[in-house]
Amino acid sequence: MIFSLLTYYFSLFHLLKTKIVGRSLFGGLSNSSPGLFTSSHGMTCNNLFSQQQRTFIQMRTVLKVVDNSGAKKVMCIQALKGKKGARLGDTIIASVKEAHPNGKVKKGKVVYGVVVRAAMQKGRCDGSEVKFDDNAVVLVDKQGQPIGTRVFGPVPHELRQKKHVKILTLAGHIA
């Protein structure tokens, strides 16, 4: 009896905590009790793996390419700034894993990229936090100029502070 009451209160606490985040590993965005599962005995139990861990973009992270340079997906080889990894606006070195057949960039080429969307949340000066559903990158050359001529999807305005104004001018939507 006491165990089932404790389990109920713990799962209720977990429900309230995950309502704030609103993202689970198995269900995507959801309003109904993410992270709670019912066993065959009728008891509600808490799954420890219900929340994705949002971390830095580090070595071997696969990122989506959101420009028209010809690459579809890249894998991070090295973050050029910071020991832990890259965040919004940081430059990385990556290897192209998937590419369009007629693009400027071919599969296997080592390229530079600027992180324009990251799943890890980043605080803003006004107290709000920005985080995206995926990790995305725009490919640039060694001087920091974009290889593509268009940028798809939202791009955060924090890139202005990191001196990537050219990417902001190519973007259709600034978040």
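What's counted below: heavy atoms across the whole structure, side chains too, no hydrogens, waters or symmetry copies. All values reported here derive from a predicted model rather than from experimental measurement.
Residue pairs meeting the side chain to side chain donor-acceptor pair (under 3.5 Å) criterion with at least one member in residues 97-111: none, sequence neighbours excluded. The side chain to side chain donor-acceptor pair (under 3.5 Å) pairs that include a residue from residues 161-171 are Asp90-Lys162, where partners are two or more places apart or lie in different chains. For residues 60-73, the side chain to side chain donor-acceptor pair (under 3.5 Å) pairs, not counting sequence neighbours, are Asp67-Ser69, Asn68-Thr149.
Distance alone, capped at 3.5 Å, is enough to place a donor-acceptor pair between the Arg117 side chain and the Pro154 backbone. Counting only distance, with no hydrogens or angles, the side chain of Asp134 and the backbone of Ala136 share no donor-acceptor pair below 3.5 Å.
Applying the side-chain contact (heavy atoms from CB on, under 4.5 Å) rule to Met59 yields no partners; only residues at least two apart in sequence or on another chain are considered. Residues passing the side chain to side chain donor-acceptor pair (under 3.5 Å) test with Asn135: none are found, sequence neighbours excluded.
Of all heavy-atom pairs spanning Ala79 and Gly85, the tightest one is CB-C, 3.8 Å. Of all heavy-atom pairs between Gly89 and Leu159, the closest is CA-CD2, 3.3 Å. Looking at every heavy atom in both residues, Val155 comes nearest to Ala171 through CG2-CB, 3.7 Å.
Of the residues Val116, Ile92, Val111, the one that meets the side chain to side chain contact (heavy atoms under 4.5 Å, CB included) test with Val137 is Ile92. A side chain to side chain contact (heavy atoms under 4.5 Å, CB included) with Val130 is found for one member of Gln121, His157, Lys122 and no other, namely Lys122.
Grouped by direct or indirect side-chain proximity (heavy atoms under 4.5 Å, Ile/Leu/Val/Met/Phe/Trp/Tyr only), Val62 sits with Met75.
Annotation: side chain of Ile93 is in contact with side chain of Tyr112 (closest heavy-atom distance under 4.5 Å).
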